Structures are given as structure tokens and as C-alpha cells.
Protein chains: 2
Amino acid sequence: MIASYKSADREFKAGQDLFSLGEPCDSIYNLLEGWVILYNLLEDGRRQILHFALPGAVLGFHPGGGAMMTFGAQALTDIVVSTIPRKALPPIVKQQPEFGLRLAWLIARDCTLAYDRLTSIGRHSARERVAHLLLKLFVRYRAQWPGSHIEEMHLPLTQEDIGDATGLTFVHVNRVLRDLRKDRILEFHYRRLRILDPDKLVDVAGLDPQLVMSWIR
Amino acid sequence: MIASYKSADREFKAGQDLFSLGEPCDSIYNLLEGWVILYNLLEDGRRQILHFALPGAVLGFHPGGGAMMTFGAQALTDIVVSTIPRKALPPIVKQQPEFGLRLAWLIARDCTLAYDRLTSIGRHSARERVAHLLLKLFVRYRAQWPGSHIEEMHLPLTQEDIGDATGLTFVHVNRVLRDLRKDRILEFHYRRLRILDPDKLVDVAGLDPQLVMSWIR
DNA sequence: CGTCAGTTTGATCGTTGTCAATCAAAGTGG
DNA sequence: CCACTTTGATTGACAACGATCAAACTGACG
């Protein structure tokens, strides 16, 4: 487990940045507790959320040695991370060769998630995008407590966050959420998400029910 | 170098799939020559291009051990790849620990590119998206021949491909290309891209000129 | 010469963005 | 405990960007 290599634990308050655009970033982080977003800011203030990181994620590895980060990372909740200095990686890998492969695998998983979102934003309607995002977050969250059958969760997001993740405005996100509520598919009020009709949600999200079932195991 | 671990070279003709959605994919590929796209297909036939892979890229590593691929890979030109069986990875890594780290780094680079495209598709106008895509492809292509100063290249894409990569319809891509031509920024006709005004292009793409310069080195 | 893939243009429609106003909830300091 | 502020949610009117539909055109290739 990557956790066993931790050199120093650190805590961040909700809203704090782990690193920002243009910073060098000499450490990588292993998220132990809480939610983190990776995001990009445009000059005019608009924002694109790139990734929602949950416990177990590795953050800050991305760019090549010593280069600047091309995106920022912000704690969405209070979080706990363990840090590994970039320089410590080669010795760790030398001692524990599987570490490198595991790291590659974790990043590949993030990459696959990014490809998913790309498809969602590029080719789906607003309704599909919002449904897809919420469903995926719900499934990933629930995967942390295997066997649980709760269809309700605390999602530490505003409607603006959902918009920034799906490439929509918060105004339109609000309309989409109203419609999904009207259709009795899900409710999202004040950071509480409740799935009313999982099957319909999977359908609206444009996902294969069998595929979704395979994630839940 | 990853190339030194190749076990067997293989060639594909333009249009052939290296692997498709839902296949197991027991090998990873190192692209030696040519262009490859990673793409996703929707039920209704629409397509999202996720990534353009150039020589040096690693393909097919993405999903976890033995799982199905969630996207396909298609040769855009005739290509040459070297294949490495998935099972060969642990022994390779044991013998050459840096290999794992280098693999992780390559995938992290793909991930960063995906994040770029996410921002582009999620928050930019059609004009910006097309400009961004063409500029990035041009820069990545030229990075293969350092020192070159040609502002023209063979881009093996149709306008439909550009649309599928940027989340637009080919009709609208056509209109955007017409405008870019009218503004004497670039020309793209029958798979030939010519940059007329690099500075304006960087501007339209919404990128930092200094950042772009740093890529060219 | 005919066919086919890809490009080009026009007309029209609709989804989503923009602008603006109101409302609800939560926090703050007197 | 109550003004006051702030952040986030909600709704309506309107505009615009890009999609859709349809048709013609071009170049490549047999």
C-alpha cells in the first residue's frame, strides 16, 4: 500500500489549496480523508473542475520533473493527506518495484475518469451530464463502504461546482436539477444527494446498467 | 527507454483498431510510428475522440488488471507499435525499477492533456476549441523534429474528426475553419494544416504565449 | 465517367447562456 | 435575540451559439 510510505501527514481546512497553478509542487500527496477537486481557472474567472479526488487518490504527480503545475487542487472538505517528497520516489521505487506500477495504475484510473468526463461534456446533453456526474460520484463514494445500501449521501458541492464540472452555468444546473426532481429521479438540496430512482438515473446518465452493476461490487 | 523492452513489433494499416471497447486487452503498446486516436462511441453512433497519440505514447495500459477497455484505439495512419504482454510488466519492473516510474510519468502526461481538453471543451467557444486543438497538435507534432521551423504539416484528420475531438459537429467545424481562414490565422484543407499567424492563433486558443514558447524548446 | 468520401453553404430550430431579480439559509456582531 | 451580510438557490425573459436538416459542390479514385 502506498500509505505505508508516507513521510509526513498534513491537514488542510476546507477551501484551502494544496497547490495552485504555476507552482512548482515538489511533493506528491496521498489523500487519506476528505474530498479534493482539481481545477483550472481561466483569465476571466471561469473555472473548469477536472477531477474529484476521493481517499486513496494520488495528487500532484502529474507534470514532469520540477515543472509547474498546470492546474490547482483545493480541499472541498477538511482533509488529511500524507506527503511524499518528489525526490523520495526513485529510492522508494528501487526498494519496492511494484510501487511504480501501482502509481501508474492509479494515474491511469484518473485518466480513464477524465476520458469519461470528456465524453460526457463533449457529446451529452446538460441533463445527461449532470446525471452522469452525480451517479459517478455516488458510486465512487459508496465504493468506500462496501455492502452499504444507502441511497443518500453528503455531497460537499454547490450547484456552481456541478456546473464547473459539467461545463454548464449554475443557472442551467439548477433547472436540470429541478427537472430531475420533478421526474422523481433524484433530489439534491443543500449538499445532500438522494437517489430516488437508481434505474432511471443510470438510463438518463446514458450508462450501461450492467457496467454500473459491475462497479458496485 | 521503454522501446528497449519491446518483445514483438507489429504494424497496423490506417483505419484498423488496435483494441476496441469491451475487449480484454492483454497487451500494452508502445507507438513507434504514426498517429493513433483513442475514442469513445455512443449507442447512437456519435463519437468522442479522447486523445491523439503520437510516437512514444503508451497505449492500452489504462484499466485495471484484466478489465475491459472502456474506449477504443484506432490507427489514423499506417502505424508501427511494439507490444508488451501485460504479464511481462511485473518482471520488467523488478529488473528495471525506473520503468514503473517512467510509465507513470507517461500516463500522467496523457492525463494532463486530457485535463486540457476538458477545460477547452467545457469552458471555451467553438472557435477557441478548434484553435486550441490544432495548435496543440501542431506543437506536439513539431516537437518530434526539434529545431524545425516549418509552419505547415500533414494532419491526418477530417473535419469530422476535429468535431469529434472538440465536441462540435463537422458542419460547425467547417464554419469555424472558414472564419479562421478569412482572418488569415490558419488554413486547413484536405489534411494539410498551415499556420498563417502563430501569435494570433495562440491568442485565439486562449493560451499564454510564454507557456507555448516553453513547449517549443 | 461514375461513385464516394469529404467539404461547403444556407435556413431554421433549440438548448443553453446571460442578465436580472427574488428568495432561503446560515453566519456575524451588536 | 435581532438587524445585517453573505452565500447559495430559484425563477423568468431574452439572446446567442451551435445543432440539425437539406442541398450542392469538390477532389480522389476506380
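None of these values were measured; they are calculated from a predicted model. A, B, ... follow the sequence lines: proteins, then strands. Residue 1 opens every chain.
Whole-Å rounding puts the R127(A) CZ to dT16(C) P distance at 11 Å. One atom, CD1 of I162(A), and another, C1' of dT10(D), lie 14 Å apart when rounded to the nearest Å. Remark: P of dG18(D) and CG of D179(B) are 11 Å apart, rounded to the nearest angstrom. Residue H172(B) contributes atom NE2, which lies 18 Å from atom P of dG14(C) at whole-angstrom precision. Taking atom CZ on R123(A) and atom C1' on dT15(C), their separation rounds to 15 Å, with Å as the unit. One interatomic measurement links the two molecules: CG of L180(A) to P of dT10(D), which rounds to 12 Å at whole-angstrom precision. Look at CZ on R192(B): it is 15 Å from P on dT7(C), rounded to the nearest Å. Separating the CG atom of D44(B) from the P atom of dT20(D) is a distance of 9 Å, rounded to the nearest angstrom.
A distance of 12.0 Å separates CG of D161(B) from OH of Y39(B), quoted to the nearest 0.5 Å. Taking CG from L106(A) and CG from D110(A), the interatomic distance works out to 7.0 Å, rounded to the nearest 0.5 Å.
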After noting the C-alpha distance and the side-chain angles of R181(A) and E187(A), does the key distance pass the salt bridge (Lys or Arg N to Asp or Glu O under 4.0 Å) rule? CA-CA 5 Å; R181(A) 193 182 334 128; E187(A) 285 174 2; over 6 Å; no

Please report the C-alpha distance between D116(B) and T119(B) in whole Å, then the side-chain angles of each, then the deciding distance to 0.1 Å, and finally whether the side chain to side chain donor-acceptor pair (under 3.5 Å) criterion is met. CA-CA 5 Å; D116(B) 258 17; T119(B) 306; 5.6 Å; no

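The listed nucleotides are dT9(C), dT16(C), dG18(D); the one nearest the side chain of R175(B) is dT9(C). Of the listed nucleotides (dG10(C), dA20(C), dT16(C)), dA20(C) has the atom at the smallest distance from the side chain of V171(A). Side chain of T169(A), nearest nucleotide from dT9(C), dG18(D), dT18(C): dT18(C).
Ring geometry for H124(B) versus H132(B): interplanar angle of 30 to 60°, hence tilted. Taking the six-membered ring where tryptophan is involved, the planes of F71(A) and F19(A) are tilted, since the angle between them lies from 30° to 60°.
Under a 3.5 Å cut-off, the side chain of T77(B) and the backbone N or O of W35(B) do form a donor-acceptor pair.
Around atom CD of Q210(B), no more than 12 heavy atoms belonging to other residues, nucleotides or ligands sit under 6.0 Å away.
End-to-end axis angle of the helix from dC1(C)-dG30(D) to dG30(C)-dC1(D), from C1' rotation axes over five pairs per end: 40° (rounded to 10 degrees).
In this structure, G163(B) reaches neither bases nor backbone, as no heavy-atom distance under 4.0 Å exists between it and the strands shown. Among the protein residues, L168(B) comes within range of the sugar-phosphate backbone only, with heavy atoms under 4.0 Å from sugar or phosphate atoms but none that close to a base.
Residues V204(B) and A131(B) share a closest heavy-atom pair of CG1-CB, 3.7 Å.
In terms of phosphate contacts, R178(A) brings a side-chain nitrogen or oxygen within less than 4.0 Å of OP1 or OP2 of dT11(D).
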Mind listing the N/O atom pairs, protein and nucleotides 7-9 of chain D, below 3.5 Å?
from: dA9(D); atom 1: OP2; to: Q159(A); atom 2: N; distance (Å): 3.0

